[in-house]
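Notes for the one structure printed next.
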Amino acid sequence: MTQKKPIHLDLGKNSYDIFIGQGEIDRLGERLETVDFKGKVAVVTNPKIEKLYGSRVKKSLQKSGYRPLVLQIPAGERYKTLKQIGRVYDGLIENRFERKDLVIALGGGVIGDMAGFAAATFLRGIPFVQCPTSVVAQVDASIGGKTGVDHARGKNLIGAFHQPRFVSTDPAVLGTLPKREYISGLAEVVKYGVIADETFFQYLEQNSREIRALKIEKVSDCIERSSAIKAAIVQSDERESGLRKILNYGHTIGHAVETLTGYRSVRHGEGVAMGMIAASRLAVEMGVLHPHDVDRQTALLKDFGLPVKLPDLDPADILNVMAGDKKVMGGEIYFVLPKKIGSVEMMKVDKKVLRRFLKTLPKTV
Ligand code: GLY
C-alpha cells in the first residue's frame with residue numbers, strides 16, 4: 001500500500017506529524033523506531049478498544065522490539081476524572097517509568113485527553129503518541145495538544161497543553177464504531193467545511209451518501225481534509241488566544257444542550273449539529289448570513305442523519321448554562337457565527353437578543 005505524506009504541524013520544538021492511512025494502526029512500532037524512540041511504552045486504552053485493537057497494536061510494537069504495558073481506564077465520559085488519572089500514575093510508577101518513556105493513547109477523545117493529561121503531568125511531562133479511534137478523536141481531539149479531565153462542575157476544567165510526539169490515524173478503524181457514534185462524529189467534519197473551506201463543504205454535499213455508508217476512500221478523504229484544517233488552525237494559534245476559538249462553532253449552544261440533557265440522550269456531535277444550525281439562524285437574525293447557507297447546512301446534516309432541531313428546553317436554562325461556559329467574557333456571550341459557508345467570525349451577542357432568539361428557536365427550525 002502506498003503511504004501518503006503526513007500532515008506536518010509546525011510548532012517549533014513541539015512540531016509533529018499526523019500520519020493518516022489504512023493500516024496505520026499496524027505501523028505504530030515502525031513509527032516509534034523512525035523517531036528513534038528507545039524507552040518503555042505504556043498503552044492507555046479502555047476494555048472495549050483493547051478487545052478490538054489491543055492485539056494489533058501490541059503486535060506492531062513487539063515487532064519493533066518494544067514490550068508494551070497496557071493500562072486500562074473504564075469506558076465513558078463519567079470516568080474522565082482525576083481519580084482514574086491516579087490509577088494511570090500508579091501503573092507508570094509500579095513499572096518504573098521515567099521521563100524518557102512514553103504513553104500511547106489508544107481510543108476516542110476521552111482516552112486521548114486522559115492519556116495526554118497523564119503524560120503531561122507525570123514526572124512534569126513525558127512524551128506521548130495519539131492513536132485515535134473515533135471520528136471526533138481523529139479530526140479534532142488528537143490534534144493540537146489539549147489534554148485534561150472533567151470536574152464535577154464542568155467538562156475539561158482541569159488540563160494542560162501537551163503536544164503529542166506524533167498522531168497515528170487509521171480511518172479503517174472507524175468501521176467498528178456503533179453507527180450512531182460514527183454519524184455523530186460527522187458533525188465535526190461538517191464544521192470544518194463551514195468554518196474554513198467551502199470546496200470541502202461542497203465535496204461533503206456531493207458525497208454524503210457514500211460517506212454516511214462508510215465508504216473507506218471517501219471517509220479517508222474526510223479525515224485527511226479535516227485534520228489538515230485543524231492542523232493549520234492550531235499552527236497559527238497553539239494556545240487558543242484567537243483563531244483557534246473558531247473550532248468552537250456550534251459548540252456554545254451544543255454544549256448547553258448536552259449539559260441540560262445530562263450527556264445521555266444527546267451525543268456530542270448531535271449537540272454540535274443542533275448548535276451549528278442554531279448559531280447560523282442567529283447569524284441570519286443578526287444580518288450577517290444569507291438564509292440559503294442555513295438551508296445548505298441543514299440539508300447536509302440531515303443527509304448524514306444528524307438532528308438539527310433543538311430539544312424542547314427552557315431558553316432561560318440554556319442561557320444559564322452558557323453563562324457558566326468558557327466562552328463568556330463579561331456579561332456578553334461570544335459566538336462563532338458564519339458569514340458564509342467557509343468563513344466564520346467571533347461575535348459578541350447581547351444576552352437580551354439571545355434570550356429573545358432562543359424563545360423563537362425550537363418552533364422555527
Ligand atoms: N477541540 C477544540 C480545540 O482543539 O481547540
Side-chain angles (χ1 to χ4, degrees), residues 7 9-11 14-16 18 20 77 80 105 107-117 119-120 128-150 154-164 166-167 169 181 184-197 222-259 263 267-273 275-276 279 322 325-329 334-338 344-346:
I7 296 168
L9 186 37
D10 187 358
L11 297 172
N14 293 332
S15 299
Y16 53 96
I18 303 163
I20 303 176
E77 180 90 29
K80 196 176 169 185
V110 171
I111 288 290
D113 283 8
M114 292 179 76
F117 183 67
F128 87 113
V129 163
Q130 287 277 17
C131 186
T133 60
S134 71
V135 182
V136 180
Q138 293 195 347
V139 301
D140 183 18
S142 64
I143 305 164
K146 279 190 182 174
T147 74
V149 292
D150 298 338
K155 274 178 79 165
N156 297 326
L157 291 184
I158 300 150
F161 281 102
H162 188 53
Q163 300 295 343
F166 61 83
V167 182
T169 295
E181 193 177 331
S184 163
L186 294 179
E188 298 279 358
V189 174
V190 173
K191 179 190 83 176
Y192 287 114
V194 182
I195 64 174
D197 189 345
C222 289
I223 302 295
E224 222 176 298
R225 291 172 79 166
S226 301
S227 301
I229 294 171
K230 168 99 193 224
I233 292 170
V234 171
Q235 192 163 295
S236 65
D237 179 20
E238 185 182 356
R239 293 275 166 153
E240 200 178 33
S241 49
L243 183 72
R244 187 165 175 171
K245 292 192 171 95
I246 68 170
L247 294 166
N248 289 323
Y249 173 52
H251 285 61
T252 308
I253 293 179
H255 259 158
V257 172
E258 274 185 279
T259 308
Y263 293 99
R267 293 190 159 266
H268 175 71
E270 294 167 351
V272 170
M276 289 194 288
M322 287 195 295
D325 206 323
K326 283 177 278 191
K327 290 130 207 143
V328 177
M329 293 174 234
Y334 280 75
F335 273 88
V336 180
L337 297 180
V344 289
E345 206 175 288
M346 285 283 286

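Indexing begins at 1, ligand by ligand and atom by atom, following the structure's order.
- Close N/O approach between N248 and ligand 1 is not found [any backbone or side-chain N/O within under 3.5 Å].
- Taking a cut-off of under 4.0 Å to the non-hydrogen atoms of L247, the atoms of ligand 1 that pass are 3 (C), 5 (O).
- The aromatic rings of H255 and H268 sit tilted, their planes meeting at an angle between 30° and 60°.
- Residues V167 and Y16 have side chains in contact (heavy-atom distance under 4.5 Å, counting atoms from C-beta outward).
- Sequence neighbours left out, the pairs with a member in residues 135-149 that pass side-chain hydrogen bond (donor to acceptor under 3.5 Å, both in side chains) are D140-K230, K146-E240.
- K230 counts as a contact of ligand 1, since one of its heavy atoms falls under 4.0 Å from the ligand.
- Closest protein heavy atom to atom 5 (O) of ligand 1: R244 NE, 2.7 Å.
- Atom 1 (N) of ligand 1 has its closest protein heavy atom at D140 OD1, 3.0 Å.
- Two residues are said to be in side-chain contact when any heavy atoms from C-beta on lie closer than 4.5 Å; K80 and F117 fail this criterion.
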task = Under the side-chain contact (heavy atoms from CB on, under 4.5 Å) rule, what do E345 and L337 come out as? Steps first, then yes or no, please.
result = CA-CA 5 Å; E345 206 175 288; L337 297 180; over 6 Å; no

